[in-house]
Structure formats: C-alpha cells, structure tokens
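The structure appears right after this line, and notes come after that.
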Amino acid sequence: MAIMDIKVPDIGDFDEVAVIELLVKPGDAVRAEQSLITVESDKASMEIPSSHAGVVKALKVKLGDKVKQGSVLLALEVEGEAATAPAAPAAAAATVVSPAAPAPAPTQATHAPVASPQAASTPFDFDLLVLGSGPGGYSAAFRAADLGLKVVLVERYAELGGVCLNVGCIPSKALLHVAAVLEEASHLGALGVEFGPPTLDLGKLRTHKTKVIGKLTGGLAAMAKMRKVTVLRGYGAFVGPHQVQVEATHGSGQEQTGSKQIVSFKACIIAVGSQAVRLPFMPDDPRVVDSTGALALPGVPKNMLIIGGGIIGLEMGTVYSALGARLDVVEMQDGLMPGADRDLVKVWEKMNKGRFDRILLKTKTVAATATAEGIRVQFEGLDGSTSEGRYDLVLQAVGRTPNGHKIAAEQAGVAVSERGFIGVDAQMRSNVPHIFAIGDVVGQPMLAHKAVHEAHVAAEVVAGELLGRPELAAAAFDARVIPSVAYTDPELAWVGLTEEQAKAQGIAVRKGLFPWSASGRALANGCEQGFTKLLFDDRPEAGGHGRILGGGIVGRHAGDLIGEVALAIEMGADAVDIGKTIHPHPTLGESIGLAAEAAHGSCTDLPPQRG
Ligand code: FAD
C-alpha cells in the first residue's frame with residue numbers, strides 16, 4: 001500500500017476554477033476515473049476524475065477553493081505498484097457549458113493519452129436525464145437521443161405521455177369529439193334528418209377514450225425503444241447536482257416500493273409538469289373531482305357545478321352537458337374564458353346558454369358540504385351577495401400548480417419559486433448551468449405545444465454543448481406567439497395580440513373581420529355563427545402596411561385554423577401577403593384570407609366598406 005497525491009489534470013484553457021462539489025469523502029473507495037470533485041469556471045462545470053483506484057485518506061480541498069492543473073485534491077491509498085505506475089487518463093469531464101464558450105476540448109497531457117469523449121463520459125451513467133415524460137419530457141428525450149446523446153427518461157407512472165396524453169389534452173378531445181357528434185346529430189332534424197334520442201353506454205365510451213390513450217402512449221414506449229432511450233419507472237428526486245435518486249413505483253399509480261437507485265448524468269432536463277389546484281375547503285368526496293376525475297367519467301350527473309370558467313372547466317362542461325347534465329359555472333372574474341377577446345366569447349355564450357342554469361360571474365366559492373342529497377356549495381359575490389346550490393358532481397377547475405417543490409431541487413442547487421416554478425432563461429437553463437427545465441413547471445401558458453417547443457430547445461442546447469456543436473448549442477426559445485384554443489362547441493382560438501391587449505397597450509390596430517355567415521362552407525356545414533378576425537399593426541410607423549399582430553377565430557375547427565395565423569405572425573406577414581395567398585374554396589380556412597382582404601379595404605365576398 002502507498003499513499004499518493006491525486007492532482008488536478010490538464011483542464012484545458014482554464015486557469016483557476018472553483019470547487020463547487022465534493023463527490024467523495026475520507027474512507028470512500030474509488031475506482032479509476034471515478035469523479036472526485038466538481039469544479040466550475042465562468043464557462044463550464046467539470047468533474048475531475050481520479051487517475052487511480054484506491055481509498056481516500058484525506059481531502060486536500062474544500063468547497064469554494066480555487067484549483068488549477070497540478071493542485072492536490074486528495075491523498076489516496078493505492079495498491080503497491082499503482083503509486084508509481086503511469087497515471088490513467090484523467091481528463092476532466094466537461095459538462096454543460098454556456099453557449100458563449102465552446103466545450104473545453106480534452107487537451108494533450110504530456111504523460112497521459114488524450115481522453116476520448118467516451119472516457120470523459122464514463123463517470124456518468126447518462127449524458128442526459130429527463131425527469132418526467134409528458135409532452136415536454138418525451139420530446140426532450142427523443143430529440144436528444146436523435147442528436148446522439150445517451151438518455152434516460154424517468155417517469156413515475158406506468159405510461160409515458162404525462163398529463164396531456166393520459167389525463168389532459170387527448171382524453172378530453174376523445175370525449176369532446178363524441179359530444180360534438182351528439183350535438184350535430186341533434187341539429188340535423190332541422191335539415192330533414194331525424195335520429196332517435198341517443199342511448200349512452202358509458203362503458204364503451206370509456207373504452208374508446210382508453211384505446212385512444214393506449215395507442216399514443218404505447219407508441220411513445222415503442223419510439224423510446226427505437227431510439228435506445230432508457231425508460232426508468234420510478235419517482236425521481238435530486239440527491240446532488242449530477243445525481244437523481246429513482247425510487248421504483250408500481251401499479252397503475254405511483255406507489256413507491258422502497259427500492260432505490262442513484263442515476264448520474266452530465267445534464268438534466270426537468271419536465272415534471274403540474275397538478276390541479278384543490279380548494280382547501282372542498283370535502284373529500286367522490287362527487288368532488290378535478291379534471292382527471294371528470295375524465296374518468298364516473299357517470300352522468302343530473303346537475304353539475306364547474307368551479308372556474310376557464311378552458312379546462314368549460315371543455316369538461318361541454319362533454320357532460322352533451323351527455324345530459326345541466327350545468328352551473330362559477331367564476332371570480334367578470335367573464336368566462338379569461339384571456340380571449342369578448343367578441344369571440346359572446347358567440348360561444350350565445351350558442352351555449354342553453355346548457356347552463358346559472359353562470360355566476362364575479363363570484364367566489366366559499367364553502368361546501370357533502371350531504372346525502374349532493375354537494376351543497378356556497379357562493380359569495382364580489383358585491384357581497386350570497387347564494388348556494390346543490391350538485392350531483394362538482395368539478396374543480398381553478399388552475400394548475402407546478403410540481404417544482406416535489407423533486408428536492410435544492411439538492412442540486414436549482415432555485416424554485418415559492419409557487420413551485422423553476423426560473424429559466426431563453427435556452428431553458430435554470431440557475432444551475434447543466435440543469436434545464438421545460439413545460440408547465442417553468443410557467444404559463446401551461447400548454448402542451450409550449451412544452452414541446454421548449455423541450456426541443458433544451459435538448460438541442462444540451463446536445464450542442466456536450467457534443468461541441470455550436471449550431472445546436474445556440475438554440476433558444478424565440479417564438480413570437482403561442483396559440484390558445486378552447487375545444488368547446490364552438491371552438492375558440494386566438495394567437496398573438498388580442499384586441500383588448502392592443503387597447504390596453506395603446507397599440508393602434510386595423511381589424512379585418514370575416515363573418516362566417518358569408519362563408520359558403522360554413523353555411524353548408526351549419527356553422528355560420530362563427531367569425532375570423534385578424535389584427536394588423538396600424539401605428540404610423542407601419543406606414544399603412546402593418547404586419548399581422550394577432551388573430552382570433554370562433555367557430556367549428558377554429559383550433560385547426562389558428563395555426564395559419566400563428567405562422568403569418570412568425571413570418572411577419574401583412575394583409576396583402578395573407579389576402580393574396582390563394583386559399584382553397586370552399587373551406588373555413590378561406591376565412592383567414594378573406595379577413596385579411598377585409599383589413600386591406602376590399603373583400604369581394606362582403607358588402608363594400610364605407611369611408
Ligand atoms: P406533464 O404533462 O404534466 O408531465 C409531467 C410528467 O412528469 C408526468 O407524467 C408526471 O408523472 C411526471 N413526474 C412528475 N414528477 C415526477 C417525479 N418526481 N419523478 C418521476 N416522474 C415525475 N394543453 C394543450 O396544449 N392543449 C390541450 O388541449 C390541453 N388540454 C388539457 C386538458 C386537461 C384536462 C388538462 C389537465 C390539461 C390540458 N392541457 C392542454 C395542458 C397540458 O396537458 C400540459 O400543458 C402539458 O401536459 C404539460 O406538459 P409537461 O411535459 O410540462 O408536463
């Protein structure tokens with residue numbers, strides 16, 4: 001046995017670097033190339049591996065110390081001859097570096113071979129760990145794997161896909177489709193086609209929804225395999241800046257088994273999403289549900305209360321109403337679907353008023369009790385008035401809260417706001433340079449398509465930095481707009497500046513509006529109540545050729561149509577660009593070109609404009 005000093009190897013261009021993490025302690029047995037400490041410069045963080053195997057006798061550095069090539073890190077007790085044998089490759093393993101700086105290339109040491117990228121990565125189990133497999137998580141994992149990284153995806157549930165695929169976007173749309181068909185069939189009587197009253201088989205309906213989910217989540221599992229992404233089932237929590245502990249889970253839920261493993265990684269993308277907010281005073285009763293409970297379709301209540309008049313609540317209300325439930329909705333703000341322009345919402349309100357017994361606006365839900373007859377709920381108007389109701393089912397749809405506080409982020413030094421959000425920059429990087437965050441956990445809008453785009457950015461930055469590809473490392477989230485859609489009946493979709501925002505911000509806009517009552521296709525389809533509205537920059541500096549700033553559509557398939565408006569905004573199109581783009585006739589999409597023509601001054605499908 002002999003004692004030898006383990007020193008900082010050649011670390012490239014770095015003069016002095018700070019010790020930010022001690023990965024071993026006296027008494028630990030270490031392997032050759034096992035990481036000993038993490039150091040960080042203003043450009044990179046690196047793990048310094050051991051050149052020999054042995055037992056740590058004494059640490060010669062502490063946190064915050066500055067070290068450079070040749071600094072002694074620790075005294076290692078090694079087997080006899082090893083002390084005098086040539087040192088094993090001991091290049092520092094560079095982790096994620098800032099985009100401004102290229103990754104420090106392993107440099108030639110005078111007495112040791114150049115460490116291959118493979119050798120540099122051996123101290124870590126994976127290049128990238130992605131925590132959470134929702135639209136953000138799986139997209140990040142798959143993009144990173146496509147770019148050549150060794151990726152592990154950690155998910156607590158048996159199925160991949162997160163909220164969106166399992167209990168969000170997809171199951172709600174599977175049910176909304178059925179609701180839309182029911183509604184349409186009921187209106188066909190006026191066109192001379194009568195159906196009998198529908199009979200419901202809720203079991204079959206649930207099976208339809210489950211099948212749709214299964215196809216998608218099964219597809220994700222298969223695609224993970226094809227990409228050689230390791231999927232680890234379990235609950236992940238940080239135990240260090242480069243380590244997550246995964247406790248295995250089982251069953252359909254997330255029951256923890258107690259079986260734990262530590263997974264190490266060079267970089268991490270946190271994609272742990274959000275969960276429904278529960279009002280503290282609501283009784284614990286199966287008749288009080290959140291969106292997940294409502295999607296389970298436990299039955300069709302006679303009457304149902306929706307607490308929260310936002311998109312999720314009203315989508316679920318549409319489903320239950322089509323199946324036969326009467327609805328009340330209570331909302332604290334002065335209108336339903338906050339965020340959308342009121343003219344869009346007005347069309348929806350007119351077409352939906354028959355579903356509701358009461359629409360309580362500027363009203364708080366203040367108490368609730370479970371009784372044999374139903375859930376009794378008390379309301380308080382912002383004007384001080386009080387009222388109450390009794391319901392067979394109460395849906396809480398008052399928003400979602402991020403899961404940032406549930407992953408021991410502090411163990412990795414990741415800052416989490418009081419509300420549970422993780423702050424990130426345009427590259428989706430947290431305050432810890434090699435840890436990124438995406439999706440619902442980084443903020444509003446909590447939408448799947450935002451999560452996916454953020455995922456691609458984070459994965460490209462990580463891959464670019466680890467693989468030394470500056471064109472990828474420069475990726476950033478620079479989308480101008482993120483569309484919003486309520487998949488209600490009719491659908492509402494909007495993107496970019498709304499008319500209300502333009503007014504509040506003092507931005508002069510020129511509006512082009514095309515009512516669907518002038519659209520041949522809308523009339524043929526029996527959906528002429530909708531309209532398409534585009535807003536163009538009308539400030540003096542735009543010189544009368546202002547670019548499109550926003551748009552809103554209400555009507556059937558509005559969600560499918562709004563993508564074109566988003567593209568026009570991204571491309572900086574003006575009214576002529578859009579109006580002169582030939583849209584196929586007769587389509588609902590045509591209404592976008594026609595709205596642009598209207599904004600430009602002459603739309604030959606509308607009466608002449610005056611003035
Ligand atoms: P999530 O989808 O929430 O996924 C996070 C994943 O991380 C989950 O699978 C979770 O189990 C896992 N996880 C969390 N913590 C851990 C841990 N510690 N260890 C292991 N795994 C963990 N958005 C739209 O764009 N369009 C829609 O039509 C739409 N409809 C919706 C309808 C409903 C009813 C709901 C509730 C949401 C809807 N959304 C919709 C929102 C959308 O679902 C979310 O914005 C999206 O799922 C966010 O993706 P994410 O990847 O950030 O997180």
Side-chain angles (χ1 to χ4, degrees), residues 129-141 152-176 209 217 220 231-238 244-249 252-254 256 263 268-277 289-296 308 310-319 395-409 420-422 428 437-455 458 482-488 491-493 559 562:
L129 181 144
V130 181
L131 189 53
S133 76
Y138 82 73
S139 306
V152 58
L153 179 59
V154 179
E155 170 57 53
R156 60 184 160 166
Y157 288 117
E159 310 296 345
L160 302 181
V163 168
C164 177
L165 268 67
N166 292 287
V167 288
C169 329
I170 300 304
S172 59
K173 274 64 210 179
L175 297 180
L176 278 161
K209 180 198 67 172
T217 56
L220 286 185
V231 176
L232 261 190
R233 167 101 193 262
Y235 194 91
F238 286 94
V244 156
Q245 175 178 284
V246 181
E247 181 167 355
T249 46
S252 58
Q254 49 167 322
Q256 280 156 265
V263 184
C268 174
I269 298 177
I270 301 170
V272 291
S274 63
Q275 63 175 41
V277 170
V289 293
D290 59 14
S291 56
T292 302
L295 285 167
I311 292 178
I312 291 179
L314 295 178
E315 284 184 1
M316 291 318 305
T318 305
V319 170
L395 165 64
Q396 303 186 78
V398 290
R400 298 184 61 83
T401 181
N403 288 331
H405 283 306
K406 298 181 171 171
I407 50 171
F421 287 112
I422 296 174
M428 313 314 299
I438 55 172
D440 284 6
V441 79
V442 303
Q444 301 288 354
M446 289 190 181
L447 292 170
H449 41 278
K450 185 202 72 140
V452 169
H453 278 256
E454 291 173 344
I482 301 168
S484 299
V485 181
Y487 297 87
T488 44
E491 292 184 358
L492 260 77
I562 202 71

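As the structure lists them, so they are numbered: ligands from 1, and atoms in each ligand from 1. When a residue number appears, it is its place in the shown sequence, counting from 1. Note that the structure is predicted; figures quoted are calculated from it, not measured.
- To the nearest 0.5 Å, atom CG of residue L295 and atom CD1 of residue I170 are 11.5 Å apart.
- Heavy atoms of S274 come nearer than 4.0 angstrom to ligand 1 in at least one pair.
- By the criterion of a heavy-atom distance under 4.0 Å, the side chain of R400, and not its backbone, is placed next to ligand 1.
- Residues I562 and P483 come closest through the heavy atom pair CG2-CB, 4.0 Å.
- Taken from CD in E155 to OG1 in T249, the straight-line distance is 8.0 Å, to the nearest 0.5 Å.
- Closest protein heavy atom to atom 18 (N) of ligand 1: G236 O, 2.9 Å.
- Looking only at protein heavy atoms, the nearest one to atom 13 (N) of ligand 1 is R156 NE, 3.5 Å.
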Practice task
Could you please spell out the steps behind the side-chain contact (heavy atoms from CB on, under 4.5 Å) verdict for I482 and L447?
Solution key: CA-CA 9 Å; I482 301 168; L447 292 170; 4.2 Å; yes

Practice task
Please assess V163 against R400 for the test side-chain contact (heavy atoms from CB on, under 4.5 Å), listing each intermediate value before the final yes or no.
Solution key: CA-CA 11 Å; V163 168; R400 298 184 61 83; 3.5 Å; yes

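- Under 4.0 angstrom from ligand 1, the non-hydrogen atoms of Y235 come from both its backbone and its side chain.
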Exercise for the section: Please assess L160 against Y138 for the test side-chain contact (heavy atoms from CB on, under 4.5 Å), listing each intermediate value before the final yes or no. Expected result: CA-CA 8 Å; L160 302 181; Y138 82 73; 5.6 Å; no

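- Of the protein's heavy atoms, P135 CG, 3.8 Å lies nearest to atom 46 (C) of ligand 1.
- When atom types are taken as modelled, the side chain of R156 and the backbone of G234 share no donor-acceptor pair closer than 3.5 angstrom.
- Residue G439 has at least one heavy-atom neighbour below 4.0 Å for each of these atoms of ligand 1: 52 (O).
- Only side-chain heavy atoms of L131 come within less than 4.0 Å of ligand 1; its backbone N, CA, C and O stay farther off.
- Closest heavy-atom approach to atom 30 (N) of ligand 1 within the set C169, G161, G136: this belongs to C169.
- Rounding to the nearest 0.5 Å gives a distance of 11.0 Å between CD of E491 and CD1 of I311.
- Near Y487, meaning under 4.0 Å from one of its heavy atoms, ligand 1 places the atoms 28 (O).
- In summary, the atoms of ligand 1 found under 4.0 Å from a heavy atom of S291, numbered by their order in the structure, are 34 (C), 36 (C).
- Every atom of ligand 1 with a heavy atom of G273 under 4.0 Å away is listed here by number and element: 1 (P), 3 (O), 5 (C), 52 (O), 53 (O).
- Of the heavy atoms in A271, only backbone atoms (N, CA, C, O) come closer than 4.0 Å to ligand 1.
- In the vicinity of Y157, heavy-atom distances shorter than 4.0 Å reach the ligand 1 atoms 11 (O).
- With values rounded to the nearest 0.5 angstrom, Q275 atom CD is found 3.0 Å from K406 atom NZ.
- A donor-acceptor distance shorter than 3.5 angstrom exists from the side chain of N403 to the backbone of V272, with no hydrogens or angles considered.
- Annotation: the span from I438 atom CD1 to K450 atom NZ amounts to 9.5 Å, rounded to 0.5 Å.
- When the heavy-atom distances from atom 43 (O) of ligand 1 to G168, A140, S133, C164 are ranked, the shortest goes to C164.
- In this structure, P171 does not count as a contact residue of ligand 1, since none of its heavy atoms falls inside 4.0 Å of the ligand.
- Considering each of G134, G132, G404, the one bringing a non-hydrogen atom nearest atom 4 (O) of ligand 1 is G134.
- Using a 4.0 Å cut-off to heavy atoms of M446, the atoms of ligand 1 that qualify are 41 (C), 45 (O).
- Among protein heavy atoms, atom 12 (C) of ligand 1 sits closest to E155 OE1, 3.3 Å.
- When non-hydrogen atoms are compared, ligand 1 lies under 4.0 Å from the backbone of D440 as well as from its side chain.
- When hydrogens are left out, the protein atom nearest atom 25 (O) of ligand 1 is A448 N, 2.8 Å; that is the closest non-hydrogen contact.
- Residue contact check: L447 has heavy atoms under 4.0 Å from atoms 23 (N), 24 (C), 25 (O), 45 (O) of ligand 1.
- The N/O atoms of H449, backbone and side chain alike, include one that comes under 3.5 Å of an N/O atom in ligand 1.
- With a 4.0 Å heavy-atom cut-off, ligand 1 is reached by no atom of K450.
- The two atoms that bring G161 and N166 nearest to each other are C-ND2, 3.7 Å, heavy atoms only.
- Rounded to the nearest 0.5 Å, atoms CD (E454) and NE2 (H449) are 10.5 Å apart.
- With a 4.5 Å cut-off on side-chain heavy atoms, P402 and V441 count as touching.
- The protein non-hydrogen atom at the shortest distance from atom 3 (O) of ligand 1 is V163 CG2, 3.2 Å.
- For the ligand labelled ligand 1, residue K173 lies inside the 4.0 Å heavy-atom shell.
- Scanning both residues, L153 and A141, for their nearest heavy atoms gives CD1-CB, 4.1 Å.
- Between E315 and K173, the closest heavy-atom pair is OE1-NZ, 2.9 Å.
- Scanning all protein heavy atoms for the shortest distance to atom 37 (C) of ligand 1 gives I312 CD1, 3.8 Å.
- At a heavy-atom cutoff of 4.0 Å, ligand 1 is contacted by the side chain of I407 but not by its backbone.
- Residues I407 and I270 have side chains in contact (heavy-atom distance under 4.5 Å, counting atoms from C-beta outward).
- Looking only at protein heavy atoms, the nearest one to atom 16 (C) of ligand 1 is V272 CG1, 3.8 Å.
- Those atoms of ligand 1 with a heavy atom of G234 less than 4.0 angstrom away are 19 (N), 20 (C).
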